[in-house]
Amino acid sequence: MDERGILNATPTQLLIGGGWRDGSAGRLPVEDPSTGEVLCEVADASAGDALAALDAAAAAQGAWASTAPRERGEILRRAFDAMIDRREELALLMTLEMGKNIGESRAEITYAAEFLRWFSEEAVRISGRWSNEPSGAGRLLTMKQPVGPCLLITPWNFPAAMGTRKIGPAVAAGCTMVVKPAKQTPLSMLALAGILTEAGLPDGVLNLIVSSKSGSIVAPLLADQRLRKLSFTGSTEVGRLLMEQASGNLLRLSMELGGNAPYLVFGDADLDAAVEQALIAKMRNMGQSCVAANRFHVHESVAGEFARRLTDRMGRLRTGRGTEEGVDVGPLIDADQRSKVAELVGDAVDRGASIELGGVVPPGRGWFYPPTVLSGVRPGTRLLREEIFGPVAPVAPFSSDEEALAAANDSEFGLVAYVFTRDVKRALRVVEGLQSGMVGLNKGLVSNPAAPFGGVKQSGFGREGGFEGIEEYLATKYVAVDL
Ligand code: NAD
């Protein structure tokens, strides 16, 4: 299917109670970030539409909770198969709306589909326990039940995977849901909603709304007592706001928020591996990832060599429209994101950093920013503290393990950290001391559907994937049994 074909085949309306319908707030444009041109328009939901979506989720909850776990699992499994069968067209759709290169989009579709397969297997493994009271007199029965209707809010950077790692466990657990993707990239989620419907998901279990004014349609949902849970992936700033709004209703919360990953390279590290993995950790999604390596702390004995090799590898990456085979680096998502990246690089240079590569906004259409390496980055520079969300690699030297660990932990965030060393004792000491929810040990990619993804500190709480992922959608009920 070509670009026009896949756009024409993708639903552009809201999905409420099993029916596709127009939005009461009109339509909103979806743009191609590599050209700035409008690809298509999708329905724009009003607060009334959002409440209609919650009505449908609430109405479907009782029947859905009592379906057989195997049936829920098989729906997910069929949706997994359909995503894999349609990987090529889904990848093209993702690249069109988000900009990442087509190879990365293919990889994301596979990764996203794998959450559906993982949770199709978890649906039939929800269990409780039966135990004795310590006195021996009575019995303790513990059971797990679906939490109830959920609101699932996702960002634009991984338009499919951020959805399936919430939708998969919610479906498996027996929860109904209202899904709200980011307005920049609604098409991948609309296509996914179509796939889940075709896979047999009953009407009202998954409702999808898109909005140009998220705040005004989400607040009334959070205040509605029929909603029982919010799972949010996005910025820490918006996460905090939603947590406040959700407090009135005491919602169960999962918060997957911002990151500022340190990438530690010790003097004994395999430098080839550290450079190759750095490319993945830094450049996947043009650096627009919560787990992107934000800052490279490198032992002074190898810092110069590491920066040289990284500059060489990043300098050979090809920038362009992500739909073209062979392109490594696509555009950033929009003008705001690009201005923020340029501002952070400007601040680093003002404070004494040297530009080894890139650092200049190119002329022409689209929101491109070149792969950039900065050396000699001084303490206090903004991009050591703030999430860059762009293809910029600051390298700062350290002289001892203690200094490296202190620099790594000197952040309000704590999502992931990367550690490169061949010394087992040092590796384990550093891993234990890192304040982060995840660590990549001699590895630049941690994401895996079978692993618990999530952070500590201002990166949030709750875990997605692994055995932990489904627990976020289950409530524990305990029954005191008198024999
Ligand atoms: P964002 O916080 O601006 O938006 C995320 C979602 O929230 C979008 O759907 C958006 O429409 C919605 N939203 C924004 N304001 C809202 C409001 N007032 N009320 C209700 N909804 C609102 O984030 P973004 O720019 O889309 O995504 C980038 C951020 O997401 C980065 O900080 C990144 O680190 C984070 N992220 C975290 C993870 C993780 O798993 N920890 C994964 C991916 C992205």
Side-chain angles (χ1 to χ4, degrees), residues 28 30 33 42 44-45 47 50 97-98 100 108 111-112 115 151-166 178-186 188-189 208-223 227 230-246 251 254-261 284-294 332-334 336-338 340-341 386-390 411-416 436-438 446-449 451-466 469 472:
L28 67 88
V30 181
V42 302
D44 193 359
E97 66 174 347
M98 195 273 161
K100 67 179 78 181
E108 183 181 336
Y111 172 55
F115 282 100
L151 174 60
L152 312 179
I153 302 182
T154 59
W156 48 263
N157 61 344
F158 292 96
M162 297 304 100
T164 55
R165 51 185 204 176
K166 300 183 191 304
V178 176
V179 181
K180 197 210 77 64
K183 66 177 179 212
Q184 294 95 327
T185 58
S188 296
M189 200 76 90
L208 193 156
I209 51 174
V210 184
S211 170
S212 57
K213 297 189 182 65
S214 297
S216 63
I217 70 156
V218 164
L221 296 184
L222 295 175
L227 189 73
L230 165 67
S231 178
F232 172 77
T233 300
S235 60
T236 296
E237 190 190 356
V238 174
R240 273 195 204 108
L241 178 78
L242 297 183
M243 214 172 142
E244 264 175 48
Q245 292 177 3
L251 291 180
S254 303
M255 289 280 160
E256 299 285 350
L257 309 178
N260 175 1
R284 193 165 66 115
N285 238 15
M286 294 77 76
Q288 300 172 118
S289 162
C290 55
V291 287
N294 207 59
L332 300 183
I333 191 70
D334 54 26
D336 287 352
Q337 192 62 36
R338 183 166 75 170
K340 189 192 149 205
V341 171
E386 295 178 32
E387 193 175 32
I388 305 171
F389 247 51
S411 168
E412 60 173 330
F413 297 105
L415 189 57
V416 64
S436 70
M438 302 176 285
V446 295
S447 307
N448 192 305
F453 188 105
V456 297
K457 294 161 82 177
Q458 305 297 308
S459 292
F461 47 81
R463 293 294 180 266
E464 293 191 319
E472 305 276 323

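For ligands, and for the atoms within them, numbers begin at 1 and follow the listed sequence.
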Of all the heavy-atom pairs spanning [X] and [Y], show the shortest one and how long it is.
| X | Y | value |
| --- | --- | --- |
| Cys290 | Phe389 | N-CE1, 3.8 Å |
| Leu415 | Leu257 | CD2-O, 4.1 Å |
| Gly414 | Ser459 | N-OG, 2.9 Å |
| Trp156 | Thr185 | CA-OG1, 3.2 Å |
| Glu464 | Arg165 | OE1-NE, 2.8 Å |
| Pro181 | Val210 | CG-CG2, 4.2 Å |

Just need the protein heavy atom nearest to [atom], so name the residue and atom and give the distance.
| atom | result |
| --- | --- |
| atom 12 (C) of ligand 1 | Ile153 CG2, 3.9 Å |
| atom 33 (C) of ligand 1 | Phe389 CZ, 3.3 Å |
| atom 18 (N) of ligand 1 | Leu241 CD2, 3.5 Å |
| atom 7 (O) of ligand 1 | Phe232 CE1, 3.2 Å |
| atom 32 (O) of ligand 1 | Glu387 OE1, 2.7 Å |
| atom 21 (N) of ligand 1 | Ser214 CB, 3.5 Å |
| atom 44 (C) of ligand 1 | Asn157 ND2, 3.3 Å |

Give yes or no for whether the N/O distance cutoff of 3.5 Å, strictly under, is met between [X] and ligand 1.
| X | value |
| --- | --- |
| Trp156 | yes |
| Ser235 | yes |
| Ser459 | no |

Examine ligand 1 and decide if any of its atoms is less than 4.0 Å from a heavy atom belonging to [X].
| X | answer |
| --- | --- |
| Phe158 | no |
| Lys213 | no |
| Pro181 | yes |
| Lys180 | yes |

side-chain hydrogen bond (donor to acceptor under 3.5 Å, both in side chains) between Ser214 and Lys180, worked out: CA-CA 9 Å; Ser214 297; Lys180 197 210 77 64; 3.2 Å; yes
Qualifying residue, where the test is side-chain contact (heavy atoms from CB on, under 4.5 Å) with Leu242 and the options are Arg240, Gln245, Glu244: Gln245
Partner of Glu256 under side-chain contact (heavy atoms from CB on, under 4.5 Å), chosen from Phe461, Phe453, Phe232: Phe453
Quick test of your reading of the structure: of [options], whose heavy atom lies closest to [atom]?
| atom | options | value |
| --- | --- | --- |
| atom 17 (C) of ligand 1 | Gly239, Gly215, Gly455 | Gly215 |
| atom 6 (C) of ligand 1 | Asn260, Thr154, Leu242, Asp334 | Thr154 |
| atom 29 (C) of ligand 1 | Pro155, Pro186, Gly234, Ser212 | Gly234 |
| atom 38 (C) of ligand 1 | Cys290, Ser216, Gly259 | Cys290 |
| atom 15 (N) of ligand 1 | Val238, Ile217, Val218 | Val238 |

Of the side chain and backbone of [X], name the one, both, or neither that has a heavy atom under 4.0 Å from an atom of ligand 1.
| X | result |
| --- | --- |
| Leu257 | backbone |
| Met162 | side chain |
| Arg165 | side chain |

For Thr233, the ligand 1 atoms whose distance to one of its heavy atoms is below 4.0 Å: 5 (C), 36 (N), 37 (C), 38 (C), 39 (C), 40 (O), 42 (C), 43 (C), 44 (C)
Distance-only side-chain donor-acceptor flag, Asn285 / Asn157, under 3.5 Å: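 No, no side-chain donor-acceptor pair sits under 3.5 Å.
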Lys166 versus Ser231, side-chain donor and acceptor atoms under 3.5 Å: yes
Phe115 vs Met162, side chain to side chain contact (heavy atoms under 4.5 Å, CB included): CA-CA, chis, key distance, verdict: CA-CA 10 Å; Phe115 282 100; Met162 297 304 100; over 6 Å; no
Flag if over 12 foreign heavy atoms under 6.0 Å of CD, Glu237: no
Verify atom 1 (P) of ligand 1: protein non-hydrogen atom under 4.0 angstrom away: yes
salt_bridge(Glu472, Arg463) N-O dist < 4.0 Å: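 No salt bridge links Glu472 with Arg463.
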